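Scroll down for the structure; my scribbles are underneath it.
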Amino acid sequence: AAAATPPPINCTTTPSPTAACPKCADCPKCECLKAEPLDCKPTVVSSGSTNSKNPEMRFPPQVRGFAFGASRVKKNVFLETLDYGYPEDLRIKQGQNRQEVLILYNQRSALPTNRIDETKHAGTDIPLLGIDEATENCGVVNVVRTMGHAEQCLAIVGDYESSFVETWMRIQPKVGVNMSLPLVPVGQGIKARDGSNENVVPHPFNVIDGRKKLQRYFDHVETMEKELKPILEKVARNNTVIVMTGNLGQAELLVNFVCSARARGLDLSNIIMFPTDEATERIAQSLGLATYYSETNFDHISTEHAKAFGDSTFGQIMYVKVVAVQIVNWLGYDLAFQDLDVVWYRDPMPFFLSDNPAYSKFDLIFQDDGSRIKTFAPYAGNSGFYFVRSNHRTKYLMHSLLLKADALIAGRSHQQVLMRTIAEHATIYGLRAKVLGGADSDMFPCGGHYHNRWDLMRQIANGSHVPYVLHFAWTQNKENKEKFLQQMGVWHVQPQCSSEKLKTGKEATVSVEACCSADPIITCHFRDKPSSVPCPQSPFMDEAKQTPFWPNDEVE
């Protein structure tokens with residue numbers, strides 16, 4: 001503020017700021033003067049320049065407690081440097097208006113040392129800085145991610161700090177956003193486009209069912225641990241095992257996994273299979289896999305395969321997936337969990353056990369599911385293939401997930417409950433989870449890659465790209481999974497070992513020599529799905545689009 005004469009007289013109180021002498025950053029209070037008041041009000045200047053003596057501040061004084069200045073940083077650089085493990089939002093294309101990050105500074109001392117004027121003063125563009133310069137004086141960086149569906153407003157409130165985002169909508173149930181309605185608070189699962197809710201609150205009967213499962217588990221967990229320890233000690237390599245689970249209805253997928261891996265000469269000796277019935281236990285053992293079957297915990301699980309994603313059998317298997325991972329993790333072993341609809345092109349474990357700093361700092365590593373629905377946010381990892389290090393953070397995570405048996409039963413989605421539990425533990429306890437992105441994601445393709453990344457699938461089919469694994473997720477039922485496996489050239493099960501043959505009797509076992517084909521058994525089913533050979537004679541799965549996977553696959 002400019003010096004004033006004559007000097008202020010002694011006042012018993014300091015008068016409130018006035019229009020002539022407002023309260024501002026450079027003049028925090030207006031003193032009681034006999035002469036004219038101090039000129040605290042910045043001079044408003046025109047187009048692109050600031051008054052060097054009294055420049056206009058970028059933000060008004062009422063919000064400078066959290067918006068004193070601002071800068072911009074390239075989004076890709078920001079996310080590479082401050083990698084929280086979230087995947088890229090695949091819906092945002094290059095060139096759209098979300099390619100930079102806006103950084104707000106809460107006080108002068110947080111501003112970049114050599115860019116103070118540019119960041120805090122108005123009249124010029126918000127400066128675009130490098131990540132190191134932009135954050136050099138930031139002791140804390142809070143990151144808020146937003147996509148901007150519907151007509152969205154982002155409010156920043158200078159108040160009691162929260163690590164959670166509250167959402168308000170003008171929502172009409174089963175319709176969506178209705179601008180004539182008042183704003184009301186909503187949960188994460190509410191969809192703006194149709195008003196539906198993807199986060200199901202467990203019903204009391206779900207809670208009772210979950211309580212019974214947990215009671216059964218905790219009554220026998222010490223016995224299970226004693227029985228498991230010698231098995232894990234035998235199969236573990238570098239204190240790491242691979243965990244799988246499934247029932248008799250999925251046995252053919254299990255056989256194919258083993259047959260296809262052996263056709264490539266891959267070692268499966270560090271796998272432990274958690275079958276949910278005795279018949280599947282015998283099949284797994286005859287394939288040479290180590291097994292652990294807990295009749296007390298699993299005898300109520302259906303032996304039929306899930307008819308569709310999310311049905312009751314699917315939900316039961318999801319609970320077993322939690323139990324299997326939790327108890328192995330609790331016993332101190334690092335592990336990779338995988339579903340039975342995964343095939344290996346090469347051993348994936350060296351990737352996870354390497355000292356690569358991009359991944360060694362994370363507690364969990366996931367395939368990118370490809371879906372970006374809100375209930376998977378912010379991670380959207382696929383729970384059908386992931387890696388877990390055993391430490392106190394992951395042990396508490398898996399214990400917490402186990403206690404949510406009722407939510408697993410109600411939602412019939414292991415992935416949904418796991419993703420939001422990880423988000424909670426990352427926020428509260430500092431858990432680190434990473435979803436593979438970029439070129440690394442292409443080394444672990446999932447259902448989204450299979451159905452949408454045809455360029456990548458063609459490279460895999462012709463051998464120019466060799467991933468670690470391929471996961472046939474995003475598929476409605478087991479029948480279609482097998483068809484996709486067959487036409488992609490990764491099906492190695494002889495016809496005499498079909499799913500129906502595996503169910504012929506309780507004493508049925510599998511002979512690797514009789515059931516496994518060294519060469520893939522390729523069968524075309526759909527012209528418009530990835531395949532190792534053109535399938536011009538096959539029907540289109542999507543009759544509306546009728547786009548062949550292989551260009552120019554003319555019908556002969």
Side-chain angles (χ1 to χ4, degrees), residues 227 230-232 234-237 241-295 298-299 301-306 317 320 324 336-349 469-472 478-523 525 532:
E227 294 171 345
I231 303 174
L232 294 173
K234 183 178 179 180
V235 302
R237 292 203 305 262
V241 298
I242 298 160
V243 176
M244 301 168 65
T245 187
N247 66 1
L248 186 59
Q250 300 169 304
E252 197 171 8
L253 292 174
L254 171 63
V255 175
N256 184 67
F257 166 73
V258 173
C259 292
S260 63
R262 291 194 170 173
R264 292 183 172 86
L266 300 174
D267 183 5
L268 304 180
S269 61
N270 67 330
I271 290 178
I272 180 165
M273 173 71 182
F274 285 75
T276 62
D277 54 75
E278 292 180 348
T280 307
E281 179 183 34
R282 282 189 291 272
I283 291 171
Q285 290 174 347
S286 66
L287 291 168
L289 301 180
T291 66
Y292 180 74
Y293 171 57
S294 172
E295 182 177 3
F298 303 152
D299 64 347
I301 304 296
S302 172
T303 59
E304 297 295 320
H305 66 81
I317 297 296
V320 180
F337 175 84
Q338 71 167 59
D339 284 342
L340 300 182
D341 58 347
V342 173
V343 292
W344 288 7
Y345 287 78
R346 44 184 167 149
D347 186 351
M349 299 316 295
V469 306
L470 176 56
H471 181 194
F472 287 81
K478 174 175 171 281
E479 286 75 15
N480 280 345
K481 286 181 187 291
E482 292 184 0
K483 290 178 180 179
F484 296 156
L485 285 157
Q486 289 165 2
Q487 74 173 45
M488 193 61 193
V490 288
W491 187 256
H492 289 259
V493 182
Q494 298 283 12
Q496 64 265 27
C497 298
S498 66
S499 184
E500 291 304 316
K501 298 287 180 61
L502 293 174
K503 298 182 189 177
T504 55
K506 290 186 176 181
E507 301 303 322
T509 59
V510 172
S511 165
V512 173
E513 291 74 18
C515 287
C516 292
S517 170
D519 298 318
I521 302 172
I522 302 172
T523 307
H525 295 283
S532 59

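Reckoned from all heavy atoms, side chains included, excluding hydrogens, waters and symmetry mates. All values derive from a computational prediction rather than experimental measurement.
- Checked against side chain to side chain donor-acceptor pair (under 3.5 Å), Gln494 has no partners two or more places apart in sequence or in another chain.
- Closest of all the heavy-atom pairs between Ala263 and Ser517 is CB-O, 4.4 Å.
- A 4.5 Å side-chain heavy-atom check between Val490 and Phe472 finds at least one atom pair inside the cut-off.
- Looking at residues two or more places apart in sequence or on another chain, you find a side-chain contact (heavy atoms from CB on, under 4.5 Å) between Pro520 and His492, Ile522.
- If you take OG1 on Thr280 and CD on Gln250, they are separated by 8.5 Å, rounding to the nearest 0.5 Å.
- SG distance check for Cys516 and Cys259: under 2.5 Å.
- Residue pairs satisfying the disulfide bond (SG atoms under 2.5 Å apart) criterion with at least one member in residues 262-292, sequence neighbours excluded, are absent.
- A donor-acceptor distance shorter than 3.5 angstrom exists from the side chain of Gln487 to the backbone of His525, with no hydrogens or angles considered.
- Minimum interatomic distance between Ile231 and Thr291 (heavy atoms only, all atoms of both residues): CD1-O, 3.7 Å.
- Qualifying side chain to side chain donor-acceptor pair (under 3.5 Å) partners for Tyr292, counting only residues two or more places apart in sequence or in other chains: Glu227.
- Inter-residue side-chain proximity for Leu289 and Leu254 is flagged as met; some heavy-atom pair is nearer than 4.5 Å.
- Below 30°, between 30° and 60°, or above 60°: for Phe257 and Trp344 the angle between ring planes is above 60°, a perpendicular geometry.
- The side-chain contact (heavy atoms from CB on, under 4.5 Å) test applied to Arg346 returns Met443, Val466, Tyr468, not counting sequence neighbours.
- The minimum heavy-atom distance between Leu248 and Asp277, with the atom names listed, is N-OD2, 3.0 Å.
- With rounding to the nearest 0.5 Å, the separation of CE in Met273 from CE in Met244 is 6.0 Å.
- Scanning both residues, Ser269 and Val235, for their nearest heavy atoms gives O-CB, 3.5 Å.
- Rounding to the nearest 0.5 angstrom, the gap separating the CG atom in Leu253 from the CG atom in Asp339 is 9.5 Å.
- Trp491 is linked by a ring pair (Phe, Tyr, Trp, His ring centres under 6.0 Å) to nothing, counting only residues two or more places apart in sequence or in another chain.
- Here the CG atom belonging to Asp341 is positioned 9.5 Å from the CG atom belonging to Leu470, to the nearest 0.5 angstrom.
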Inset, instruction - Tell me, with the steps shown, if Val512 and Leu287 meet side chain to side chain contact (heavy atoms under 4.5 Å, CB included). - result: CA-CA 6 Å; Val512 173; Leu287 291 168; 4.0 Å; yes
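- Legend: residues meeting side chain to side chain donor-acceptor pair (under 3.5 Å) with Asp347, ordered by chain and number and at least two apart, are absent.
- Between Thr276 atom OG1 and Glu295 atom CD the span is 12.0 Å, to the nearest 0.5 Å.
- Separation of atoms OG (Ser260) and CD1 (Ile521) is listed at 11.5 Å; rounding is to 0.5 Å.
- Checked against side-chain contact (heavy atoms from CB on, under 4.5 Å), Val243 has the following partners two or more places apart in sequence or in another chain: Val241, Ile272, Phe274, Ala324, Val328, Leu335, Phe337.
- Asn270 is linked by a side-chain contact (heavy atoms from CB on, under 4.5 Å) to Arg237, Ile242, Met349, counting only residues two or more places apart in sequence or in another chain.
- At a threshold of 4.0 Å, the pair Lys478-Glu482 counts as salt-bridged, since one of the basic side-chain nitrogens sits closer than that to a carboxylate oxygen.
- By the side chain to side chain donor-acceptor pair (under 3.5 Å) test, Asn256 pairs with no residue at all, sequence neighbours left out.
- Scanning both residues, Val493 and Glu252, for their nearest heavy atoms gives CG2-O, 4.1 Å.
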